[in-house]
Structure formats: C-alpha cells, structure tokens
> 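The structure is given below, and queries will be raised subsequently.
These numbers come from the heavy atoms of this one structure, side chains and all, not from hydrogens, waters or symmetry mates.
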2 protein chains.
Amino acid sequence: MTADLEITRLRESGGKGFEKVFAFLRERLLAGSLRPGDRLIPERDLAAQLGVSRPILREALRALTVLGVVEIRDRVGTIVRRPDPSVLNDFFTFAFAQQSDVVDDVMQARIAIECQAVRLAAERATVSDFEKLQQALARIVETIDDPDGGSAADYDFHRAVVNAGKSETLIVLHNSLSGILMRSHRGRRELLQVFESMKTYLIEDHRRIFDAIVGRDPEHAERVLREHFAIGDDFRRRAAIGESDARSAS
Amino acid sequence: MTADLEITRLRESGGKGFEKVFAFLRERLLAGSLRPGDRLIPERDLAAQLGVSRPILREALRALTVLGVVEIRDRVGTIVRRPDPSVLNDFFTFAFAQQSDVVDDVMQARIAIECQAVRLAAERATVSDFEKLQQALARIVETIDDPDGGSAADYDFHRAVVNAGKSETLIVLHNSLSGILMRSHRGRRELLQVFESMKTYLIEDHRRIFDAIVGRDPEHAERVLREHFAIGDDFRRRAAIGESDARSAS
DNA sequence: ATCTTACCTTGGTCAGACCAGAATACATAC
DNA sequence: GTATGTATTCTGGTCTGACCAAGGTAAGAT
C-alpha cells in the first residue's frame, strides 16, 4: 500500500517528531487521500503507526484544528473538515491586533474586494439577490437614526452585495476583513449625529449601488461604490478635524 | 497583579483544559500584555501556573504557532512573534487544495487586489518603485520567449505593482493568492507558443500599466490593468477551445 | 421487537521521567 | 585582567503508562 510506504518513509525522514507527523498529515490532506468527512483512526493507533507518542500526535492534530482542516470530536474521533473560512478571521484578528493604524490599510483591501464583487454582482446577481439587497436597503432606511442598528444594516447591505457577486473567495475575504474593521472602530458610526447630511448620503448611495446592480452595469456599479467609499472617508476626515455640517456647506 | 486575577479566573472558567489555556493566551496576545519579542516563561512553570499539564500547554502553544503568533525555539523558549502573513498561505493551501475549479474564483480576488493596488500605486509609488517596475518590465521583454522565466518575470512585475501600492494588507493578500494560482496551473503560460500575438500583448500591456502609474493616473491605471486581465482571460478562453492565431485574426 | 444495561472505545488529561543541546556560571590558564 | 575551557543548569522535545468521562454498541432482560 502507498500508505505503508509513506509511513515507512516518514519514520526515517528528518525533522522533529511533531514536524514529521504534521507534514505527513498535511501531505495526506493536500493529496486528497484524506477527504472531508473521513474519520481518522483513533489517536492511539495513529500515534503508534506514525511512531510517535500520543501527546505529539495530538499536537499535530491540534495544529490542524486551528487551521480548520480537521475537527476533534470528544469521544467520537477526529474527522476531516472542509476548510472553514472562519479560521481566517482568527488569523486576521491576531495579525492586526497590535497596531490600530492598519485599519485604514485593511479598509483598502475591503474596498478592493467590494469593488470587484459589485462588478460581479452586476453580472451574476439573481432575483433572490435583488430581494436581499432590497431588504437590506429598507433596513438602512428604517434604522437611519439608530447608530447600532444602522451600522448593522449598512454592513448587511455590503455583505449582500458581495454575496451577490457569487465569488466564494471574495466572500471569505470580505467576511474576515469586515470582522476586523467592526472590531476596530465600533463607534465610528456615531459621527452620524454630527453630520445630518450623512443620512442622505447613506440612503442615496446605497440606493444608487442597488440600482446599478439591478441595471446590470458593472462599470457604473463600481464607480458608484468607489464614490460611496470616498465620501464616507471624507465624512470621517471632516469629523476628525472637528468640522460640522454648518461649516462644511460649500 | 492583574495577571494573577486572570489566572484565577481561568482556573474556574468553563471549557476543556486546552480551550481554557488557548483562550487565556489568546486574550493575552490580543490585549497586548504579551508583545512581539517577549519570551514566555518556561513551559513547566507556565503549565503549573495555568493549572494544566505540560502536554496540554504544548497543544495550545503549538496552536498559536501555526497561527504564527508565537515561535517555539528549541531549548531556548517560546517567544511572541509579529504575525507572519505566510501562515495565510498555509491556510489558503488547505482551503483550495481539493477543488481546482476555484482557480477562476481566486483569480477574481487577485484582480480585485491588484486593481486597488494599482490605484494606490499611481498615487503613492516612489522613484524606487518606478525603478523596480522598470526592471521588471525589462525582464518581461528579455524573457518573452522563455516560458519559465517569462512567467516569473510577469509575476514579478505584478508584485512590484502591488508593492508600489504601499498597502501591507493588499501585499499580504496578493502574495497568498498568487501562491495558490502559481501552484495550481504552472504550465498555463505554455499557450504562449500558440498565440504569437500574445507576446505583443504581454509587453505592451505591462508597459501601459507602467506608464499609467508613472503618469499618476489611478483611473487609467486600473482601467488598463483590468483590460490586461480581460485580454489574458480571453487568450486562455481561445486556447481552451483550440483556437489559434490564424483563425482568431479578426 | 423494544428497552436496559454493561462494556468497550475514544478523546481529554495528568504525572513523572529521560534526552540533547543552548545558556550560563565558574574555574582555570595565560 | 582577560580569555578560554569546562561543568552545571535550564529549556524544549519526547515517551510511557495511567485515569477519567461519556458516546457507541451489543448482549441481556422484558
């Protein structure tokens, strides 16, 4: 069997015990000889077959767990999972925990993702997507005076847009990035009270984005969305320098 | 000390041993009480303080290792690292190992990243970036008849563009995505021999992208880049249906 | 045929031990 | 006084064997 051969090779391959085992399992997972849904053999047996102790084997399994590749179920067994994008969230959380100044940088990535997604959305969105967008739009209008709810509604709309793009990768990335951004500045929305004109901006912009998607116009959709981000950024800039609606009416 | 309080709280907090320890360390890392460069206390002591056995503690440390948050150095100690984007690569590798049909989907994300990056590049690129782009451009011309070298040169140029955008997040994402794409279809470039006209496309397009960046025109830069991707996609489409230059000269 | 119950399996954890090499302290030689 | 070499300590890396609790299962009772 190929399996036995590989195990033999594993035994004499260099590296520490953990590295060996991890590399072995990793290869198996990547090669596809272990597929989602499969249940690994019991830890004791597997450890014996791989020539390591159970604690070491468990280190490797735990490592694969945080990567979302396998799932260790208590008193049941270790089963192979289809990679879950949520682990990305884990990583991003760590990656951007320290410096909060990277928020603007992460925002650039979010803009990138959404601008591409909105193009795809304009091409691929289904009627079902239209409905969801419409609902999200309605919620934005409803919650326009509620900072918390409004923030959620805003996020839901953007998520609906990305979902409508039908790109798994973009959806995954957008989710992770949004997670960071939400954790970072939760109260950012509060400047809504400062700028009365922002309400119109919020409603009108999202409506225009919606229209562009329904109108199947990728170019226009991206342009509007990009403009939307730019204006939002401008609002924040003006809030940062302490401007108010009165003075900014130029 | 706050530390002791937290440890006390940890002892009685629910969850399995591993979860407890992992959550504890995670919190510490995120909160910033453990900063990059710090060395954790020895495993034995830490395990004792946390009220778990060493194997369990090691599971948690190993988990943090694959997340790139800490580094276990043999016979030295466990030190906190600044999160390394390369772990993203690890995840993406697993995530997209099975289905090769997601390649097109990942490509969408790459396009998204690059289009945003090229805009930023047009705004932020330094003279040093110009030089690197120029060099990459020259290499594309040199290696136009060499599939392997040409592919590398192409990649280098695009990477230089993203780097010129000066967004750490975009750079990280682009790296990971490129890694997947390169692993997936390594020989894709071979259709170069089929389409003679592709040579001109390769050289001219990249030159135009370069010019747009130097010209500080974000809009134009993105448009050209997007067009570049579209044409490349078209080449692949035509190759897929077995077309050649002769028939495609319309 | 269905319900109980005892057993076996499996992950979760612990305690203590040994190894090898890095780090450090210390004693010696120059 | 400095430099070199050696002994000790510290630290991660690993193993062994054991115990627990609960899910699964099959034998036994109803």
> Could you write out each protein N or O paired with an N or O of nucleotides 6-11 of chain D at a distance under 3.5 Å?
none

> Can you check whether B:Ala136's main-chain N or O pairs, donor with acceptor, with B:Asp156's side chain at less than 3.5 Å?
no

> Answer with yes or no whether the side chains of A:His206 and A:His158 bring together a donor and an acceptor at under 3.5 Å.
yes

> Are the side chains of B:Glu59 and B:Phe22 in touch, meaning some heavy atoms are under 4.5 Å apart?
no

> Within residues 53-66 of chain A, find the residues that approach DNA chain C with a heavy atom at under 4.0 Å, and present them sorted by residue number.
A:Arg54, A:Arg58, A:Arg62

> What is the distance, rounded to the nearest whole Å, between atom CG of B:Leu50 and atom C1' of C:dT13?
15 Å

> Expressed in angstrom and rounded to an integer, what is the separation of B:Phe22 atom CZ from C:dT13 atom P?
14 Å

> I need the single residue from B:Lys166, B:Arg124, B:Gln134 that forms a side-chain hydrogen bond (donor to acceptor under 3.5 Å, both in side chains) with B:Asp129. Which is it?
B:Lys166

> When A:Gln116 is tested against each of B:Glu114, B:Gln116, B:Gln108 for side-chain hydrogen bond (donor to acceptor under 3.5 Å, both in side chains), which residue passes?
B:Gln108

> So does A:Thr169 get a backbone contact from the side chain of B:Asp105, meaning a donor-acceptor N/O pair under 3.5 Å?
yes

> Rounded off to whole Å, could you give me the CD1-to-P distance for the B:Ile79 and C:dA22 pair?
15 Å

> Do any N or O atoms from the side chain of A:Ser176 and from the backbone of A:Val172 form a donor-acceptor pair under 3.5 angstrom?
yes

> Is it true that the NZ or CZ of B:Arg62 lies under 6.0 Å from the centre of A:Phe18's six-membered ring and within 45 degrees of the ring axis?
yes

